[in-house]
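By convention in this document, chain letters (A, B, ...) are assigned in the order of the sequence lines, proteins followed by strands, and residues within each chain are numbered from 1. Because only heavy atoms are used, hydrogens play no part in the values below, and waters and symmetry mates are left out as well, while side chains stay in.
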Protein chains: 2
Amino acid sequence: MDRDEFVADCRVRAATDLFAHTWDPVVLAALASGPRRRRDLRLAIGGIRDKVLTDALRRLLAYGLIDRRAHAEAPPRVEYALTGLGRSLVDGPMRALGRWAIEHGDQLLDAER
Amino acid sequence: MDRDEFVADCRVRAATDLFAHTWDPVVLAALASGPRRRRDLRLAIGGIRDKVLTDALRRLLAYGLIDRRAHAEAPPRVEYALTGLGRSLVDGPMRALGRWAIEHGDQLLDAER
DNA sequence: CCGTATCCCTTAAGATACTG
DNA sequence: CAGTATCTTAAGGGATACGG
């Protein structure tokens, strides 16, 4: 991997932007263990607003990281799940980041925000 | 790694927040090949404003990911470098993210922004 | 249950100019 | 060279209420 691939206009930049929105990685993580209904998602995450969750889901759908399945029932049932692409992101880079956080997280001086 | 370690209030969340600011990972990447003076940093990155670079450097210093060395000379010389912690982040998770981006980046539908 | 519609507030980040 | 000082704009995210 060349150094310049890392700087400014590069594909790595596009990848880090996937984490630019606070809740997006959290939603991805909540889907790591399998498909989930919207409500379960919101409860599992905790502290997320409906609007914010909607925004996050929309972005992740647009990126092709998750997909949405609506079942025509009453009451309505909608499930979200990782796509293959989303799965590869979660199992690869996100897991690596998780391991790093567990190992080095306590060294972060100002990580509270 | 437990599932709950991944969701909402967890250390992974703290880690993803490190990528929440657009230019922070770019600056880290630009320091991957070794210490750099502020000016070189700005030129290597390209398209970054002085103020924005200052903001990014301040955050990274506060997080303990980089350090700053000012040499008492004329003209002034200031060098920034990765700390051990910063190095571990760049060589680990960021590199994993880079590999993922190179492999799967073209599948991102709306990654332009 | 699954969202949408507002309103508000804060902050990132761009643009421009200037100092030690 | 290495920053600081303002100003401005856009957008993320929180709070609350309502609609299909």
Distance check needed: D/dA2 P versus B/Leu57 CG, whole Å only. 11 Å
Can you tell me if the side-chain N/O atoms of B/Arg37 get under 4.0 Å from OP1 or OP2 in D/dA2? yes
In this structure, how many angstroms lie between the P atom of D/dA11 and the NE2 atom of B/His21, rounded? 18 Å
Apply side-chain hydrogen bond (donor to acceptor under 3.5 Å, both in side chains) to A/Ser88 and list each qualifying residue two or more places apart in sequence or on a separate chain. B/Trp100
Set of residues satisfying salt bridge (charged side-chain N to carboxylate O under 4.0 Å, His left out) with respect to A/Arg39, sequence neighbours excluded: none
Just to verify, what does B/Asp55 make a salt bridge (charged side-chain N to carboxylate O under 4.0 Å, His left out) with, not counting sequence neighbours? B/Lys51
Looking at side-chain heavy atoms only, is the closest gap between A/Leu108 and B/Leu18 below 4.5 Å? yes
Find the distance B/Arg42:CZ to D/dC1:C1' and express it as a whole number of Å. 9 Å
Between residues 64-74 of chain B and DNA chain D, which residues have a heavy-atom gap below 4.0 Å? B/Arg68
Please tell me if B/Tyr80 has a side-chain N or O lying less than 4.0 Å from either OP1 or OP2 of D/dG3. yes
Output all residues satisfying side chain to side chain contact (heavy atoms under 4.5 Å, CB included) with B/Arg68, sequence neighbours left out; order by chain, then residue number. B/Leu61, B/Ala70, B/Val78, B/Tyr80
Does the pair B/Asp40/B/Arg36 count as a salt bridge with the N-to-O cut at 4.0 Å? no
Between the axis at one end of the helix from C/dG3-D/dC18 to C/dG20-D/dC1 and the axis at the other (five pairs apiece), what's the angle to 10 degrees? 40°
Starting from P on C/dG14, measure out to CD1 on B/Ile48 and report it in whole angstrom. 8 Å
Please collect all ring pair (Phe, Tyr, Trp, His ring centres under 6.0 Å) contacts where either partner lies in residues 39-58 of chain B, sequence neighbours excluded, each pair once. none
Pairwise salt bridge (Lys or Arg N to Asp or Glu O under 4.0 Å) hits with a residue in residues 21-30 of chain B, at least two apart: B/Asp24-B/Arg59
Criterion side chain to side chain contact (heavy atoms under 4.5 Å, CB included) against A/Leu65, the qualifying member of A/Leu89, A/Val27, A/Leu82: A/Leu89
Just call it for B/Arg39: base, sugar-phosphate, or nothing, with non-hydrogen atoms closer than 4.0 Å on any strand. sugar-phosphate
Residues in side-chain hydrogen bond (donor to acceptor under 3.5 Å, both in side chains) contact with B/Thr54, at least two apart in sequence or another chain: B/Arg38
OP1, OP2 of C/dA13 versus side-chain N and O of B/Arg59: anything below 4.0 Å? yes
Sorted by chain and residue number, the salt bridge (charged side-chain N to carboxylate O under 4.0 Å, His left out) partners of B/Arg37 (sequence neighbours excluded) come out as none
OP1 or OP2 of D/dG12 under 4.0 Å from side-chain N/O of A/Trp23: no
Once you round it to whole Å, what is the distance between P of D/dG13 and CD1 of A/Ile45? 13 Å
Suppose we screen for side chain to side chain contact (heavy atoms under 4.5 Å, CB included). Which residues come up paired with A/Pro76, at least two apart in sequence or across chains? none
Atom-to-atom span, CG of B/Asp55 to P of C/dG14 - whole angstrom: 10 Å
Sort me out a list of protein N/O and nucleotides 4-8 of chain C N/O pairs below 3.5 Å, or just none if empty.
{"from": "C/dT4", "atom 1": "OP1", "to": "A/Arg58", "atom 2": "NH1", "distance (Å)": "3.0"}
{"from": "C/dT4", "atom 1": "OP1", "to": "A/Arg58", "atom 2": "NH2", "distance (Å)": "3.0"}

Atom CG of A/Leu53 and atom P of D/dG14: how far apart are they, to the nearest Å? 12 Å
Whole angstrom is fine here: how far is it from CG in A/Leu61 over to C1' in C/dC2? 14 Å
